[in-house]
Amino acid sequence: FKLSAGYSSYLLETGTRISPVHSLGITPQFNLWQPRSNFSIAFVSPLTAGVHFRTKVLFRMFFFSDIPVMGEINYGHLATKDFRKWWGVFAGGGYTFQSVGAHWQYGVCLSAGFRFWLFKQSFTLRYVRFFSEYPEDYFSHRLTLEINLGRFLKVVASKNSLQKFERPFQ
């Protein structure tokens, strides 16, 4: 089990109109299969909740939430608890449910991203693309920056094994 938390910025699009949503989120990850220290297949659900402020494109303020259920392939940093890389990548997809004000929409989502050490902290940069099942709904682009949390990251730091990961930055 791994957990990360951070900030997400969405771009909601419908037709030619695009408007931003700002949100905070938490991402639980459960590894389903990890045959090597730098590879895994995982169940991931990057949950977010936020607000859309009134803009020139969308003239109303509303609350927004995103509840995705995805599978991802992970390589490198944070693929498992015994990872050996200072960087890592992941990609996957699944299905998501989004609350846009009082309206619920759902559809397929695709995800890709990069994990890395920076300032002795582990980060995740994630991009998610949402495709609604109905053309009249909002489609979305999402960019998230998260801090990876977990006791095992503290163990890596306490054993002073971070040095081998941080050499590219020195």
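None of these values were measured; they are calculated from a predicted model.
Taking 4.5 Å as the limit, some side-chain heavy atom of R115 sits within range of a side-chain heavy atom of R126.
Counted by atom type alone, T80 and N31 present zero donor-acceptor pairs between their side chains at under 3.5 Å. Checked by atom type, the side-chain pair D137/H103 shows a donor-acceptor distance below 3.5 Å. Side-chain contact check for R17 and S19: no donor-acceptor pair (N or O, by modelled atom type) lies under 3.5 Å. Using modelled atom types and a 3.5 Å distance limit, the side chains of S40 and Q34 yield no donor-acceptor pair.
A search for ring pair (Phe, Tyr, Trp, His ring centres under 6.0 Å) contacts involving F131 returns nothing, not counting sequence neighbours.
Side chain of S99 to backbone of W104: no donor-acceptor contact under 3.5 angstrom is found.
Between F116 and F114, the two ring planes are parallel [angle under 30°; tilted spans 30° to 60°]. Under the 30°/60° scheme for interplanar angles, the aromatic rings of Y134 and Y106 are found to stand perpendicular.
Closest approach of K85 to H77, counting heavy atoms only: O-ND1, 3.4 Å. Nearest heavy-atom pair, E72 versus S111, reported as atom, atom and distance to 0.1 Å: OE2-OG, 3.1 Å.
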Without placing hydrogens or testing angles, list every side-chain donor-acceptor pair under 3.5 Å for residues 41-50, not counting sequence neighbours.
unit_1 : atom_1 : unit_2 : atom_2 : d
S45    : OG     : P68    : O      : 2.5
T48    : OG1    : Y10    : OH     : 2.7

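Screening E13, R129, Q98 for a side-chain hydrogen bond (donor to acceptor under 3.5 Å, both in side chains) involving S140 leaves a single residue, Q98.
Checked against the 6.0 Å centroid criterion, the rings of Y75 and F39 do not qualify as a close aromatic pair.
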Ring pair (Phe, Tyr, Trp, His ring centres under 6.0 Å) between H52 and F62: does it pass, once the steps are laid out? CA-CA 5 Å; H52 174 272; F62 55 83; 4.6 Å; yes
